[in-house]
Q: 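Before we start, here is the structure in question, set down as structure tokens.
Heavy-atom basis, side chains included; hydrogens, waters and symmetry copies ignored.
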Amino acid sequence: MSDNGWPADRMDTENAHSARIYDYILGGKDFYPADQEAGDAMAREWPALPVHMRANRDWMNRAVRRLAEEAGMRQFLDIGTGIPTSPNLHEIAQSVAPESRVVYVDNDPIVLTLSQGLLSSTPEGKTAYIEADFQDPEAVLNSPEVRETLDLGKPVALTVIAIVHFVLDEDDAVGIVRRLLEPLPSGSHLAMTIGTADFAPKEVGRVAREYAARNMPMRLRTIDEAHEFFEGLELVEPGIVQVHKWHPDGTGEQGVRDEDIAMYGAVARKP
């Protein structure tokens, strides 16, 4: 075992990992020196990186709350969960509706080891964690955890947050999301954030090169490419916008500039 209690035979501590970089930038504690070095290098290339990452996390909080409060969602399937950071998705949903049920999905051994933080459900609700690959939607949807926790005959909120920019064209991110949505009934929702270089192309391009240099190539998307994920769905107002512009509620960082944000966010309903 590692010093953190993680399974040492599965843990690559020598190379940076996207989830651990994110945790480091957000002020977490579940990272290694390689992740700190990578995060510092990326922030030097684009000093707004911490602002951008916090804005993405704030978007998740707002989107899940609105899905629970306004869309009446009581079931959530969260793809690419990442290292637990309170408030986690189930804490937000269950603060609105204690009976909410949440399944978290990730394929990172760190997240698996730390997943107890994702399983502290209310008595009325339920949470579960699956170690599975986003790029194998059928394995996710047919897992015992999904089948035992969620009722796929009732609407489900599918959340795919800050992950598709790590899916390259040959792996067909749009197709993967559609395969996850396909068995979900009418009234289900898709909530996504999608990485972009539309607003600070030089700076974000340099960050992307830092990721690629550490074997984490990125596919950043334009607004038109972002729309492809939502074809056939009904976008919730205000549509696809930068995350800090999606229903701001005054709780996030104030005075954020457009060029400080490299993420689109949107929620859409399946008709």
Side-chain angles (χ1 to χ4, degrees), residues 56-82 84-106 117-130 132 134 137 140-143 145-164 176-194 226 229-241 243 246-249 251-252 263-271:
N56 178 76
R57 187 75 190 181
D58 290 342
W59 183 91
M60 185 276 286
N61 295 352
R62 298 195 308 275
V64 170
R65 180 168 295 280
R66 291 182 75 92
L67 282 165
E69 287 181 343
E70 299 187 9
M73 292 292 102
R74 297 295 181 263
Q75 302 191 109
F76 295 81
L77 178 58
D78 183 54
I79 304 294
T81 295
T85 303
S86 188
N88 292 298
L89 189 151
H90 74 279
E91 294 171 314
I92 299 166
Q94 291 180 347
S95 72
V96 176
E99 70 274 21
S100 296
R101 303 169 79 85
V102 178
V103 176
Y104 292 106
V105 182
D106 209 299
L118 303 172
L119 302 177
S120 57
S121 175
T122 58
E124 303 94 325
K126 186 175 182 180
T127 65
Y129 177 82
I130 311 170
F134 164 63
V140 171
L141 293 165
N142 293 321
S143 68
E145 292 85 353
V146 165
R147 296 293 173 173
E148 293 170 7
T149 306
L150 306 180
D151 179 352
L152 298 186
K154 296 179 180 179
V156 175
L158 173 65
T159 57
V160 185
I161 298 172
I163 182 172
V164 294
I176 291 168
V177 173
R178 288 177 179 166
R179 284 156 60 197
L180 285 164
L181 274 172
E182 193 276 330
L184 305 184
S186 173
S188 294
H189 284 67
L190 171 64
M192 286 188 72
T193 61
I194 301 165
F229 288 97
F230 299 95
E231 288 181 3
L233 305 178
E234 300 168 348
L235 280 165
V236 173
E237 187 274 330
I240 304 173
V241 297
V243 289
W246 196 90
H247 295 287
D249 59 5
T251 61
M263 199 79 78
Y264 287 118
V267 173
R269 181 183 182 277
K270 183 175 181 180

Q: Backbone N or O of Thr149 within a donor-acceptor pair of the Arg101 side chain at under 3.5 Å?
A: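 Yes: the side chain of Arg101 pairs with the backbone of Thr149.
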
Q: Side-chain contact, heavy-atom cut-off 4.5 Å: Phe134 with Val105?
A: no

Q: Backbone N or O of His90 within a donor-acceptor pair of the Tyr104 side chain at under 3.5 Å?
A: yes

Q: Would you kindly say whether Ser121 and Gln94 are connected by a side-chain donor-acceptor distance under 3.5 Å?
A: yes

Q: Determine yes or no for a side-chain-to-main-chain donor-acceptor pair under 3.5 angstrom, with Arg57 supplying the side chain and Thr85 the backbone.
A: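 Yes: the side chain of Arg57 pairs with the backbone of Thr85.
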
Q: For Arg66, does its backbone N or O pair with a side-chain atom of His247 as donor and acceptor, under 3.5 Å?
A: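 Absent.
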
Q: Does a donor on one side chain and an acceptor on the other come within less than 3.5 Å for Ser188 and Arg269?
A: no

Q: With a 4.5 Å cut-off on side-chain heavy atoms, are Thr159 and Ile79 touching?
A: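 No, their side chains stay 4.5 Å or more apart.
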
Q: The criterion is salt bridge (charged side-chain N to carboxylate O under 4.0 Å, His left out); which residues satisfy it with Arg62, sequence neighbours excluded?
A: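 If we apply the salt bridge (charged side-chain N to carboxylate O under 4.0 Å, His left out) test to Arg62, skipping adjacent residues, there are no hits.
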
Q: Under 3.5 Å, is there a donor-acceptor pair between the side chain of Gln75 and the main chain of Ala157?
A: no

Q: Considering all heavy atoms of both residues, which atom of Trp246 and which atom of Ala63 are nearest to each other, and what is their separation?
A: CZ3-CA, 3.7 Å

Q: Assess whether side chain to side chain donor-acceptor pair (under 3.5 Å) is satisfied between Glu91 and Ser86, documenting all intermediate values.
A: CA-CA 8 Å; Glu91 294 171 314; Ser86 188; 3.2 Å; yes

Q: Supply the atom-to-atom distance Lys270 NZ to Phe230 CZ, rounded to the nearest 0.5 angstrom.
A: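 So the NZ of Lys270 and the CZ of Phe230 are separated by 14.5 Å.
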
Q: Any donor and acceptor pair, going by atom type alone, linking the side chain of Thr193 with main-chain N or O of Ile161 inside 3.5 Å?
A: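 Not confirmed, Thr193 side chain does not pair with Ile161 backbone.
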
Q: Does Tyr129 use its side chain to pair, donor to acceptor, with the backbone of Glu145 at less than 3.5 Å?
A: no

Q: With salt bridge (charged side-chain N to carboxylate O under 4.0 Å, His left out) as the rule and sequence neighbours excluded, what pairs involving residues 119-129 come up?
A: none

